[in-house]
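Have a look at the structure below before the remarks.
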Number of protein chains: 2
Amino acid sequence: MRKQRQGASDAGLSKQRVVIEAIRLADCEGVDGLSMRRLAGALGAGAMSLYYYVANKEELLDAMIDVVFEEIELPPEGTDWQSAMRRRAVSARQVLARHPWAIGLMESRTSPGPANLRHREAVTACLRRAGFPVLMATHANWLLDSYVYGFALQEASLPFDTADELANMTEDVFLPQLPPDEFPYLNESAAALVAAGCDPAEEFIFGLDLILAALDPLRASA
Amino acid sequence: MRKQRQGASDAGLSKQRVVIEAIRLADCEGVDGLSMRRLAGALGAGAMSLYYYVANKEELLDAMIDVVFEEIELPPEGTDWQSAMRRRAVSARQVLARHPWAIGLMESRTSPGPANLRHREAVTACLRRAGFPVLMATHANWLLDSYVYGFALQEASLPFDTADELANMTEDVFLPQLPPDEFPYLNESAAALVAAGCDPAEEFIFGLDLILAALDPLRASA
DNA sequence: TTGACTATCGTACAGCGTACGAGCATAGTA
DNA sequence: TACTATGCTCGTACGCTGTACGATAGTCAA
């Protein structure tokens, strides 16, 4: 049967609905707050019902990660390669900032899902068409992905979200931990950072454009 | 009393011994295999004894991360800035490859430990002394750390360790998942990668040197 | 009517982090 | 010597986790 269940937002379970709700829960409560029982509860179902759609929690996490990859824009065709790669990298950062738990999950999950593969194919295609030799495209791929993931990881571990919070935290929490004679340079940096404000999106672009510019001459011309 | 306990390798507990053994366990069994009970067992102690040295598991994980940072070489003084940064980045990659669980833990732990702070101070000092203006040094720091962490993250999620395993896995696992008409570029890359071999250490150096070279002209000369 | 198949879930179990408090050895004090 | 304080260890118990197993009920074909 496919009619009313007693839960609130209901229209029958499905793997998709389970995974989407799991992502919503992880976004709200963090990945540690995601348990099969809580997830089932949010879906108005019994805990064990989930196992009809998902073999175990590992598979659920894999599926969640792949949905995250689906959210990332593919590099658009029809522009120069740098614009295309910038576009997809910026999108990736945004998506990973929206789902901070995803980055921490990647270490433990080793087999890429279909969306992940499609993404990699599109990126590699873009680089190859731009004139990068095969192995150079691989290098570029590693380099760009490292930057994107690493940036997302650092951003996820920042304890603040806005420039204001940064200023407050710096004054109240960081500086007291940093005796100026032991950490003169960190004090200097903190002060400069508060004065200048700090937008992760801009910070991201700085490194990204630097990498893209440095990669450009490595194409086999065209 | 400070004499014999019934456990095997014993000479009294201490926070240091607890943390070190926790790292050993996480290295061997993965961070999921690290439970307070198992850790206590490995130390020949009762589970609750650990809580005399550690407020809770979170604090234990924080301490483990900080020990990992202690293992990373500081940028040596007395060489040019690029050599110094290369040295510490290579060391960081090695250490994170040795403790793959660490990278996945960083997302959730927001307050840096003392070894982490000392490390950041040393890196910032190196950049400032090399002539980078304050904000440029911050940019360089973000960029380099992003690359290091992101590379470590990708490396940790590789399901193989050696070039041989790569070749085997490619043939047996990856290529069957990659129909050539849907993934022509990934097939091409996989083939080239198997033919060329693939050493993560070399791969790492490629991107690292590219970044260092691109950063060099951003110093306020000297 | 029968049986297979799809979907849901209750119960139970082993293992988790840890609150609470009891227990013991030693050091200091009277 | 007796008493107390302190440092350290740990047994028990509670509420949580993932999930194995089996029961249940609705649907459809024969």
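Heavy atoms only: backbone and side chains are in, while hydrogens, waters and symmetry mates are out.
Of the candidate nucleotides C:dT18, D:dC10, D:dT19, D:dC10 has the atom lying nearest to any side-chain atom of B:A45.
Within residues 47-54 of chain B, the residues approached by DNA chain C to less than 4.0 Å at the level of any non-hydrogen atom are B:M48, B:Y51, in residue-number order. Across residues 101-113 of chain B, not one residue has a non-hydrogen atom less than 4.0 Å from an atom of DNA chain D.
If you take NZ of B:K15 and C1' of D:dC8, they are 16 Å apart, rounded to a whole angstrom. Spacing between atom CD of A:E58 and atom C1' of D:dT17 amounts to 14 Å, rounded to whole angstrom units. Atom CE of B:M36 and atom P of C:dA14 are 23 Å apart (whole Å). Atom pair A:L39:CG and C:dC9:P shows a separation of 13 Å (rounding to whole Å applied). The distance from atom CG of A:D32 to atom P of D:dC16 is 16 Å, rounded to the nearest whole Å. A:K57 has its NZ atom 9 Å from the P atom of D:dT17, to the nearest Å. Per the geometry, CG belonging to B:L43 stands 16 Å off P belonging to D:dC8, to the nearest Å.
For residues 64-73 of chain A, the pairs satisfying salt bridge (charged side-chain N to carboxylate O under 4.0 Å, His left out) are A:E71-A:R98, A:E73-A:R87, with sequence neighbours left out. Among pairs with a residue in residues 137-151 of chain B, those fulfilling salt bridge (charged side-chain N to carboxylate O under 4.0 Å, His left out) read B:R88-B:D145, at least two apart in sequence or across chains. Under the salt bridge (charged side-chain N to carboxylate O under 4.0 Å, His left out) criterion, no residue pair touches residues 43-55 of chain A, with sequence neighbours excluded. Screening residues 179-201 of chain A for side chain to side chain donor-acceptor pair (under 3.5 Å), with sequence neighbours left out, gives A:E188-B:R128. Annotation: side chain to side chain donor-acceptor pair (under 3.5 Å) contacts involving residues 167-179 of chain B, sequence neighbours excluded, are absent. For residues 111-120 of chain B, the set of pairs meeting the salt bridge (charged side-chain N to carboxylate O under 4.0 Å, His left out) definition, not counting sequence neighbours, is empty.
Evaluation of the salt bridge (charged side-chain N to carboxylate O under 4.0 Å, His left out) rule for A:E121 yields no partner, not counting sequence neighbours. Qualifying ring-ring contact (aromatic ring centres under 6.0 Å, His included) partners for B:F206, counting only residues two or more places apart in sequence or in other chains: A:H139.
Between the side chains of B:D62 and B:S111, no donor N or O sits under 3.5 Å from an acceptor N or O.
Ranked by how close their nearest DNA chain D nucleotide is to the 5' end, A:R38 and A:A55 are led by A:R38.
One cannot find a donor-acceptor pair under 3.5 Å joining the base of C:dG15 and the side-chain atoms of B:R37.
Note on the helix from C:dT1-D:dA30 to C:dA30-D:dT1: terminal axis deviation equals 20°, with five pairs used at each end and the result rounded to 10°.
Aromatic ring pairs are classed by plane angle as parallel below 30°, tilted from 30° to 60° and perpendicular above 60°; the pair A:Y149 and A:F69 is perpendicular.
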Tell me which donor-acceptor pairs under 3.5 Å the side chains of residues 25-32 of chain B have, and how far apart each pair is, sequence neighbours excluded?
{"from": "B:D27", "atom 1": "OD1", "to": "B:H99", "atom 2": "ND1", "distance (Å)": "2.8"}
{"from": "B:D27", "atom 1": "OD1", "to": "B:W101", "atom 2": "NE1", "distance (Å)": "2.6"}
{"from": "B:D27", "atom 1": "OD2", "to": "B:H99", "atom 2": "ND1", "distance (Å)": "3.0"}
{"from": "B:E29", "atom 1": "OE1", "to": "B:R38", "atom 2": "NH2", "distance (Å)": "3.2"}

